[in-house]
Amino acid sequence: MTQISKHEPGTFCWAELGTTDSGAAKKFYGGLFGWGSSDIPMGDQGNYTMFQKEGDDVGATYTFGPQQKGVPPHWLTYVSVESADDAASKAKASGGKVVMEPFDVFDQGRMALLQDPTGATFGVWQPKAGIGAKRWNEPNAVCWAELLTDDTGKAKQFYADVFGWGSKIGGDYTEFQKGKDSFAGMMGIRKEWGEMPPNWGIYILVDDPDATARKATELGGKVVVPPTDIPDVGRFATLADPQGAHFSVIKLSPKQGH
């Protein structure tokens, strides 16, 4: 459990919560995961709040502005890249869309918002002074990103073209890989889940998903998928914070790791 100094290009490096009430989010996630917070004033855009574990950044939150009226609260994931401009160009050439053109974030890095051909939105982050999360894949930090989509074949090809991701398929689940290391997953959206747009979600590593689910409800959140065992992987639950943003928590089985 040491500070991360670099995220491998083409792997996830950051998770950011856009919400209707970042103050309430600070209270909820602080109570649930023990995260501290540090506000960065952004002028008339309000604060950009860093979530922190033991003083290290693990994610962030901000309150939606007027231009995002009607957007549901959600977690957005970012892929670390060597060039945000190149990633945006590759995304367009591979059938995706550029939602927000590349721009500099002070001296911290350069970013863009992209959308894959199935409609799932994600960010790319070209690190400069800021690498992204300083803690990853450890208790009370993000450990996994997961794409739910209505066209897994099209998505697999897109991410292979843009980031060079390999894939390992087991049953109805695809693990995305850099080299031989799996760092994210993908599933097809099932009809029984109802209307659901393609989306990227996050998993946070915890010691006890059942206790975390109970704590989430005590703090005003909801249990979307109750604690469930995944054979040979671990035990997970999908939760929603009081503003409605979904996220999952997981405890891995012994000898399992992402």
Side-chain angles (χ1 to χ4, degrees), residues 2-7 11-85 87-88 98-115 121-136 138 140-142 145 199-202 204 216 219-221 239-247:
T2 56
Q3 275 192 349
I4 294 171
S5 59
K6 180 183 179 182
H7 291 273
T11 64
F12 286 96
C13 66
W14 192 240
E16 175 187 272
L17 173 66
T19 184
T20 52
D21 190 340
S22 60
K26 286 194 288 186
K27 185 176 181 180
F28 175 80
Y29 290 98
L32 194 60
F33 299 121
W35 290 348
S37 58
S38 175
D39 293 336
I40 301 173
M42 301 290 285
D44 56 6
Q45 298 179 48
N47 292 328
Y48 188 77
T49 299
M50 295 294 191
F51 286 129
Q52 297 179 323
K53 177 184 176 181
E54 298 169 3
D56 292 327
D57 296 340
V58 293
T61 186
Y62 67 95
T63 297
F64 288 145
Q67 70 275 20
Q68 291 148 317
K69 186 177 180 180
V71 176
H74 64 278
W75 280 93
L76 178 72
T77 49
Y78 286 77
V79 178
S80 185
V81 294
E82 294 180 348
S83 168
D85 296 81
V98 177
V99 178
M100 189 177 289
E101 293 285 348
F103 66 96
D104 291 321
V105 182
F106 306 110
D107 64 341
Q108 295 299 299
R110 188 167 174 80
M111 65 166 280
L113 291 185
L114 310 177
Q115 192 176 78
T121 301
F122 61 97
V124 291
W125 180 254
Q126 177 185 335
K128 293 180 182 177
I131 65 161
K134 294 285 186 68
R135 303 289 188 99
W136 200 267
E138 65 174 63
N140 295 321
V142 179
N199 69 91
W200 277 100
I202 62 168
I204 295 169
L219 292 166
L239 311 174
D241 67 24
Q243 283 65 53
H246 289 196
F247 62 98

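Computed from a predicted structure; not experimentally measured.
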Less than 4.5 Å apart, any side-chain heavy atom of [X] and any of [Y]?
X    : Y    : value
N140 : R135 : no
K26  : T49  : yes
V79  : L114 : no
K128 : D104 : yes
T77  : V142 : no
W35  : Q52  : no

Looking at [X] and [Y], what are the two nearest heavy atoms and their distance?
X    : Y    : result
I4   : A133 : CB-O, 4.1 Å
A25  : L17  : CB-CD2, 3.7 Å
W125 : C13  : CB-SG, 3.9 Å
A87  : V81  : CB-CG1, 4.2 Å
R110 : A84  : O-CB, 3.8 Å
S22  : Y62  : CB-C, 3.9 Å

| query | Is the distance between the ring centroids of W136 and H7 under 6.0 Å? | reply |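 Ring-ring flag for W136/H7: true, centres closer than 6.0 Å.
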Could you measure the distance from the [atom1] atom of [X] to the [atom2] atom of [Y]? Nearest 0.5 Å is fine.
X    : Y    : atom1 : atom2 : answer
D39  : T61  : CG    : OG1   : 10.0 Å
Q243 : D21  : CD    : CG    : 5.0 Å
I131 : Q108 : CD1   : CD    : 10.5 Å
E54  : K134 : CD    : NZ    : 13.5 Å
L113 : E101 : CG    : CD    : 10.5 Å
T121 : M100 : OG1   : CE    : 10.5 Å

**Request:** Could you verify whether a donor N or O on one side chain and an acceptor N or O on the other, from Y48 and E16, lie under 3.5 Å apart?
**Result:**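 On atom types as modelled, these side chains qualify, holding a pair under 3.5 Å.
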We want to know whether Q3 and D56 form a side-chain donor-acceptor pair, criterion being a heavy-atom distance below 3.5 angstrom.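 Per modelled atom types, Q3 and D56 side chains form a pair under 3.5 Å.
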- Please state whether the rings of F51 and Y29 are parallel, tilted or perpendicular, taking 30° and 60° as the class boundaries.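 Tilted.
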Please work out whether the ring planes of W200 and F122 are parallel, tilted or perpendicular, with thresholds of 30° and 60°.
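It falls in the perpendicular class, over 60°.
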| field | Over 12 non-hydrogen atoms of neighbours within 6.0 angstrom of CD in Q68 | value |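 Yes, enclosed.
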Within a 6.0 Å radius of atom CZ on F106, are there more than 12 heavy atoms belonging to other residues, nucleotides or ligands?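 Incorrect, the count does not exceed 12.
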Fill in: Steps toward side-chain contact (heavy atoms from CB on, under 4.5 Å) verdict (D241, L32)
CA-CA 10 Å; D241 67 24; L32 194 60; over 6 Å; no
Within the distance-only criterion (no hydrogens, no angle test), does the side chain of W14 pair as donor or acceptor with the backbone N or O of A60 below 3.5 angstrom?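 Side chain of W14 to backbone of A60: no pair is present.
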